[in-house]
Amino acid sequence: NRPISLLSGGWDSRILALYAQHVTEQPVRAFTTSSDTGHVLEELVAAQVAHELGAEHTIVTPRVDSFAKDFRSFAHAVDYQTSFHTWLVPILNHFSTHHVDGVVLDGLGGGLMVGGDFTAGRTREDRISGLLKYLDGAEAVLRPEVVRNIAERTRASFEQFDRDWPDVSGHPFEATFTAYLNRTITGIGLSPYGLVANSHPAATPFLDDRVVHAALRIPADQHSGGRLYPQLTEVLSPALAALHTAQPLAPWPRPHPRRI
């Protein structure tokens, strides 16, 4: 199957597109859309990456008046377990309308296993705080008692992990494994496997056993801050390794709101 890259302005999709182009005979097709949460420059940076790769690149512009419908479709497909990746819906609609076939490359697990999302901090409490950062600002949309309950359940997931896997308790990758079991599998993983897989085969190379084993052999402190990303990219493309990503280029709060 021809590889389909969901090319954003970040590292995960960039690396997948680069390596797919290197190992497959079929040319990579790249698709980019708005992330829906106010991030800017995704399309511009993705276009630079696609140009460097020489990949066919399509930018899908989602309709503002379709957001509610897209969100409902997404929530139903993922069984209401995650709010991430609503932007997949307009891309999949584009695939259906334009008869786009191929295997969809999804960056699930990239930040977790390679990017060091939950390896920051010298203590266990610091790493728990890395998971709780996603509750920043939650009081604006949820009742305080709901926010407290989510925080308590997050901490409880660590305690349950310690009971089930005592040999890993306190390990630098303990938060990584805890997030994988309680966040990736049960929530975010439903984006590729609950939504995308309904119409297209989905591949999540960052969660391949060989990739995970290789990544976790590298000390946790060498993952922090996404330091492995440019190293992995430079192996095949020094130019793409040197190219900025979209996230640090956009100020906060985001000056150009998208559909929400």
Side-chain angles (χ1 to χ4, degrees), residues 6 8 10-13 15-16 35 37 39 74-75 78-86 88 105-138 142 146-196 202-229 232 245 247:
L6 302 178
S8 70
W11 283 115
D12 293 334
S13 62
I15 289 174
L16 291 183
S35 65
T37 53
H39 294 271
F74 177 80
V78 299
D79 200 25
Y80 303 90
Q81 296 303 303
T82 180
S83 60
F84 290 169
H85 308 150
T86 304
L88 281 168
L105 304 176
D106 190 283
L108 181 70
L112 190 64
M113 300 301 178
V114 177
D117 280 355
F118 301 108
T119 58
R122 303 183 65 86
T123 67
R124 181 176 185 271
E125 183 59 33
D126 289 340
R127 291 188 284 273
I128 293 176
S129 297
L131 283 174
L132 294 177
K133 69 182 179 182
Y134 291 96
L135 287 177
D136 291 348
L142 298 173
V146 175
V147 177
R148 287 195 299 271
N149 180 263
I150 295 173
E152 291 169 1
R153 291 180 64 183
T154 300
R155 292 184 179 278
S157 69
F158 272 81
E159 296 166 3
Q160 183 62 49
F161 184 87
D162 288 347
R163 289 191 291 270
D164 294 340
W165 304 89
D167 293 341
V168 188
S169 178
H171 190 278
F173 286 118
E174 178 189 14
T176 298
F177 293 131
T178 303
Y180 174 69
L181 291 173
N182 295 280
R183 182 172 178 265
T184 304
I185 292 178
T186 60
I188 300 174
L190 294 175
S191 292
Y193 293 116
L195 177 63
V196 176
T204 51
F206 285 116
L207 292 180
D208 182 276
D209 281 349
R210 295 163 294 179
V211 175
V212 172
H213 287 171
L216 299 189
R217 289 191 184 102
I218 301 171
D221 60 351
Q222 294 184 34
H223 287 243
S224 63
R227 284 190 287 169
L228 292 178
Y229 281 139
L232 287 171
T245 60
Q247 186 173 8

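For this chain, numbers begin at 1 and follow the sequence in order.
- Across all their heavy atoms, Thr82 and Gly187 have their closest contact at CG2-O, 3.5 Å.
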Hey, mind stepping through Leu108 and Ser191 against side-chain contact (heavy atoms from CB on, under 4.5 Å) and telling me if it holds?
CA-CA 9 Å; Leu108 181 70; Ser191 292; over 6 Å; no
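- For Pro172, the side-chain contact (heavy atoms from CB on, under 4.5 Å) partners at least two apart in sequence or on another chain are Ala220.
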Decide side-chain contact (heavy atoms from CB on, under 4.5 Å) for Thr119 and Gln222; before the verdict, give the C-alpha distance in whole Å, the side-chain angles of both, and the deciding distance to 0.1 Å.
CA-CA 9 Å; Thr119 58; Gln222 294 184 34; over 6 Å; no
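- Residue Arg153 qualifies as open at atom CZ: its count of foreign heavy atoms under 6.0 Å is 12 or below.
- At a threshold of 4.5 Å between non-hydrogen side-chain atoms, the residues Tyr193 and Thr204 count as touching.
- Under the side-chain contact (heavy atoms from CB on, under 4.5 Å) criterion, Asn182 pairs with Ser157, Thr178, sequence neighbours left out.
- For Phe173, the ring-ring contact (aromatic ring centres under 6.0 Å, His included) test picks out His171, His223, with sequence neighbours left out.
- Partners of Tyr229 under the side-chain contact (heavy atoms from CB on, under 4.5 Å) rule, at least two apart in sequence or in another chain, are Trp11, Asp12, Ile15, Val114.
- In this structure, Tyr180 has no side-chain hydrogen bond (donor to acceptor under 3.5 Å, both in side chains) partners at least two apart in sequence or on a different chain.
- Separation of atoms OG1 (Thr86) and CZ (Phe74) is listed at 5.0 Å; rounding is to 0.5 Å.
- Taking CG of Leu228 as the reference point, atom CD1 of Ile218 lies at 4.5 Å (rounded to 0.5 Å).
- A search for side-chain hydrogen bond (donor to acceptor under 3.5 Å, both in side chains) contacts involving Gln81 returns nothing, not counting sequence neighbours.
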Run the side-chain contact (heavy atoms from CB on, under 4.5 Å) check on Leu16 and Leu6 step by step: do they pass?
CA-CA 9 Å; Leu16 291 183; Leu6 302 178; over 6 Å; no
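- Pairs of residues two or more places apart, or lying in two chains, that qualify as salt bridge (charged side-chain N to carboxylate O under 4.0 Å, His left out) and include a residue from residues 167-183 are Arg124-Glu174.
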Pair up each side-chain donor or acceptor in residues 206-213 with any protein partner under 3.5 Å, not counting sequence neighbours, and list the distances.
unit_1 : atom_1 : unit_2 : atom_2 : d
Asp208 : OD1    : Arg210 : N      : 2.8
Asp208 : OD1    : Arg210 : NE     : 2.9
Asp208 : OD2    : Arg210 : NH2    : 3.1

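- When every heavy atom of Val196 is checked against every heavy atom of Ala202, the shortest pair comes out as CG1-CB, 4.2 Å.
- Annotation: salt bridge (Lys or Arg N to Asp or Glu O under 4.0 Å) contacts of Arg155 (sequence neighbours excluded): Glu125.
- You'll find the side chain of Phe177 reaches within 4.5 Å of the side chain of Phe161, heavy atoms only.
- Every residue was checked against the side-chain hydrogen bond (donor to acceptor under 3.5 Å, both in side chains) condition with Thr176, not counting sequence neighbours, and none meets it.
- Checked against side-chain contact (heavy atoms from CB on, under 4.5 Å), Ala75 has the following partners two or more places apart in sequence or in another chain: Tyr80.
- The side-chain hydrogen bond (donor to acceptor under 3.5 Å, both in side chains) check on Thr154 picks up nothing, with sequence neighbours excluded.
- Within the model, atoms CG of Leu135 and CD1 of Ile150 stand 5.5 Å from one another, a figure rounded to the nearest 0.5 Å.
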